[in-house]
Amino acid sequence: MEMTPETIKALLDAFDRSDWREMVVTVGEDRLHVSRDPLSESSLQAHSAPPAAPAAGSSDSAAAVPVAAGDPPPAPAAAPPAGEPVTGTKIESPSVGLFWRAPAPGAAPFVEVGQSVKAGETVAIVEVMKLMNHVASPVDGVVTAILVENGAAVEFGQTIVVVDPEG
Amino acid sequence: MEMTPETIKALLDAFDRSDWREMVVTVGEDRLHVSRDPLSESSLQAHSAPPAAPAAGSSDSAAAVPVAAGDPPPAPAAAPPAGEPVTGTKIESPSVGLFWRAPAPGAAPFVEVGQSVKAGETVAIVEVMKLMNHVASPVDGVVTAILVENGAAVEFGQTIVVVDPEG
Amino acid sequence: MPLRRVLIANRGEIAVRVIKACFDEGIESVLAVSEADRGSLGAQLADEVVVIGPAAAAESYLDVNRVVAAAQVTGCDALHPGYGFLSERVELSAECEEAGIAFVGPSPEAMRRSGDKATARALAKELDVPINEGSDVIASEEEARGVAAEVGYPVLLKASAGGGGRGMRLVESEAELASAYAQAHGEAQAAFGDGRLFVERYVRHARHVEVQVLGDGEGGAIHVGHRDCTLQRRYQKLVEEAPAYGLSEALEDEILGAARRLIGALDYAGAATCEFLVDPDRGSAGFLEINARLQVEHPVSEMVTGVDVVREQLRIAGGEGLSVSQDDVEIRGHAIEVRINAESPQRDFAPTPGTVTEWAAPAGTDVRVDTACFPGWTIAPYYDSLLAKLIAHGPDREAALARTRQALRHLRVAGVETTAGFALDVLEHPDVVAGRVHTRWVEEEFIPDWSAAHAAAVGEGVA
Amino acid sequence: MPLRRVLIANRGEIAVRVIKACFDEGIESVLAVSEADRGSLGAQLADEVVVIGPAAAAESYLDVNRVVAAAQVTGCDALHPGYGFLSERVELSAECEEAGIAFVGPSPEAMRRSGDKATARALAKELDVPINEGSDVIASEEEARGVAAEVGYPVLLKASAGGGGRGMRLVESEAELASAYAQAHGEAQAAFGDGRLFVERYVRHARHVEVQVLGDGEGGAIHVGHRDCTLQRRYQKLVEEAPAYGLSEALEDEILGAARRLIGALDYAGAATCEFLVDPDRGSAGFLEINARLQVEHPVSEMVTGVDVVREQLRIAGGEGLSVSQDDVEIRGHAIEVRINAESPQRDFAPTPGTVTEWAAPAGTDVRVDTACFPGWTIAPYYDSLLAKLIAHGPDREAALARTRQALRHLRVAGVETTAGFALDVLEHPDVVAGRVHTRWVEEEFIPDWSAAHAAAVGEGVA
């Protein structure tokens, strides 16, 4: 038996509602450890608790955690193939709108998977009523995934591109 | 700030729903520690966590914990004066019905506060449609509280008498 | 005089339903709960709550003494039993009478006479109510064999005291009779403490039709229209409709009149249902039994007539009499009720207790959802698995079916598996749309195909 | 043609209300939510949900581009703005028009003309609609001083573009005029980007009466009766009723006719409300303004007429026209709506965001509860504090008041403090029962006594 999303959610809700500084829950092998004080990256990796836990409190839109976890289902776009979790920095859509990989129809895409990008470099456009929002990578790294098809609809907060800083 | 009943309830619900062996929550001074394995009396007294915690899981109707906490509001009967928690073994009503302190009108009460009782000795009667249910003390000890007035209505599970084994 | 304060000796959606009726009538409601139901929706809505016993129904909802005592110690002047549990126990009606508490239901005598199938059948004969060919109570397997030979196989063995399919056996041929008799007799003895059986001709494509009746306790009775409850699984109703469709006017008049005569003759007070077995091939109806209580499916009758059956129950028990006459009862459109149970259709409808993490009932003007469910509510394993009743109304049966399906699609429930998806598939089946079904259609024709089609999905926890 | 798929650009109870109307009309609903509302009741009930932006309203519910884009990318053919947020922004109506999306509300032109108080007052004059004595838009403090001298103090300074009390000042005497003018002008400029003001005679014991109108967009308009919204606190309505009580038949006819003329003259399509200030002492009414949108209190009009205002909005936007004529509109009984806010009456109605641990709405036949609340829902601090609307109907005002109080007593809410208890005290006050109230009664007469009486209870977290 392991923690179900429901039970984790119930616990985190209780934690959110409380003024507690810290909460530790042990589930057989698993251990959920939440704290209002910053938890070091290492302390997180140390446990098998899902990375959703620390994210739940924060609204950090580019936390360095596996894409597979704690990510709102990227409907209507496709999720990365299960089994092979894409790791890296998630870049999320700044708005509802249409996703464009290139500055203009027919033009070359801003980025391709495997390509290196610099922090501040545009990786895609999200169009909102003719307003072209250029979405930039927050880090230097290598593009490990482009999760939305060109011209498809995206929601706010939906992961559109993943860049691996270690790459 | 301390744990509110709501937050404790939310946590214990999550715990009940889970298969977890153990849960520890730290709240400033307070610490809530629940485990499917028996918790020793001492380990409980050690923390300021409400004794409601261990009771929540079990349906033990005579757990040796302070009466003040984890007790369903004994309406319509009166609760013990706040501030001075009565400690001892809670004896609960086995049914909805009427509470009688004596075997018959005018007869002497079964017990008075301060009186010693032996395990198995009747401390009160709960009448259900003319059926007289004799309620016995589960332990040897001294009666420290009688929480219901003679002839008053009681609910199932309501604490009616408290006996202190250490007395 | 009008009731002032009513103890509700039940739980779940029907407790909430009765609390609502009390609210409407300006009556205080006191809910008797087991320890497991302290946090139920009914407990939140009632004016007062009294814990009568532990979770186990035998020591709470099924304990006559505790229930009546609860009414006494909380100062109630009446007791509503809901359905199931103690609702058809003569003892409860009698104890209330003795305690000076108005029982919201028939007198002990009326309940005794209507509750015993053999007695009811005898009364039906007196009143020229058509009954299904068969025997009165039989004494032995031999006698059963004789009657079966007369009416012809297949026959149905039924418990005289029974209900809900317990003590009931279908006998296809004489060869099966001996073992079937022994099983039914034993089951009836165990379930009702009364092993008596009778024999009935088995109608192959029977439809279950029933009439909602309100008796004034003084020989008067009105009907609130008829219902069709043919869609069942193991004698458990899945879908109910009002009115029953496709009956000839003559047949309608026959069963409506018969139901009124039966309830009137019993000096019956309150809500009752007269069940009939309809043989579409012959176009005939045979009286089966009387249910001396409010029924799960009463809302469909309310939706098509505007009559509030539970409020009328309270009025009758309070001596105020019916607020409507037979002439006021007019059938408008069609209503369908779907029972949504916390069960797994893919695991032979095994109960699925657990915590409902998400619950949002569809919001629609012609849609009514009777339930005690809410987000965070934990379905205990102690009681039945009825989670909600979804009722939809439309100008005709086709529109009502469409609205019901639409509402089912908009129900949001998570945390426990339910029968909502299964029910939707049932309502989309051409045979259901065309009304080409019988009481064993779900088991014999629908479920085999459905299970095959959904075998793949097993374990996915479809809500 | 009839609408097929509607984007709902709002949240809370009104999102749920519009989803229900879409369900009833057989229209698909797509709900645009901020990230904070992913788990809202509306998000659970809608056919589809699209996250348009972060919790901050400025980047979600108040962003015209995102809202219209959401309608486009989800393939909607219409957009319903609800109330508040962008509902009265001409820009939204215009953007929808340009994008080929049917806006469920008036055309940009009709909205512009009705939304600007000065323009609306000018139109009223044309149509011989009685208006409260006062000025058209004034250019300076000097001009204001002149008008005030004419109509006589006290006067009210009002923002021409405004609403909700912003840019509004009561001026008791000439001495106060200068500072009041400066404040009102600045506030109006900040709130609406338009500092223009006008002056109005201030009616001491005024009642707020309004007429619900439905315009067909082609010069036709019907009224759906009038409402009284006199019980307000700082221009925020607390309790609304239909019909408005104690008006002379002549006065009723005057305001009902005036409202129809105004909306008709604007070629207005959809639901609108015409507000009037009623002076009980003179028995006269003066036109105040037009609200070019659905209003929070629309349910009381629905309860007394049976007209579904939101469904009519959808029909009009879909070009189907009204389903009812003026002759069909008949007032039956009386309805009262109470707003239940997540606020602390004892802490000057400070919002009380937090998680609702317990929520059980009273169940009653004549009771309607419009809400997006459910157990476990967390009230975010980003948006307004309206938690639920409790509406009750009765044969007359006295019965409706009694039913409303009874329902309020049966509401169960825990986890956050609400105004339910405060509202109950208001409805029990003799002045309210007798209808002896005016628009400042709550602030000037009720709250002072109430606060004193409840000072003791502060901090107990009354729900």
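When reading the values below, keep in mind they use all heavy atoms of this one structure, side chains included, and skip hydrogens, waters and symmetry mates. Proteins get letters first, then strands, A, B, ... in listed order; numbering begins at 1 in each.
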### Query
Is the CD atom of Glu109(D) crowded by more than 12 outside heavy atoms at less than 6.0 Å?
yes
### Task
Could you tell me whether Tyr382(D) atom OH has more than 12 heavy atoms of other residues or ligands within 6.0 Å of it?
no
Can you name the closest pair of heavy atoms from [X] and [Y] and give their distance?
{"X": "Arg66(D)", "Y": "Pro94(A)", "answer": "NH1-O, 3.0 Å"}
{"X": "Val50(D)", "Y": "Glu155(A)", "answer": "CA-OE2, 3.2 Å"}
{"X": "Val96(A)", "Y": "Ala70(D)", "answer": "CG2-CA, 4.1 Å"}
{"X": "Val73(D)", "Y": "Leu98(A)", "answer": "CG1-CD2, 3.6 Å"}

### Task
Indicate yes or no: at least one non-hydrogen side-chain atom of Glu59(D) is less than 4.5 angstrom from one of Phe156(A).
no
### Task
First locate atom OG of Ser95(A), then atom CG of Asp63(D), and finally report the distance between them rounded to the nearest 0.5 Å.
6.5 Å
### Query
For the candidates Ala69(D), Ser34(D), Pro54(D), which exhibits the highest count of non-hydrogen atom pairs separated by less than 4.5 Å from chain A?
Pro54(D)
### Engaged part of Val33(D) at the chain A interface, taking heavy atoms whose separation is under 4.5 Å
neither
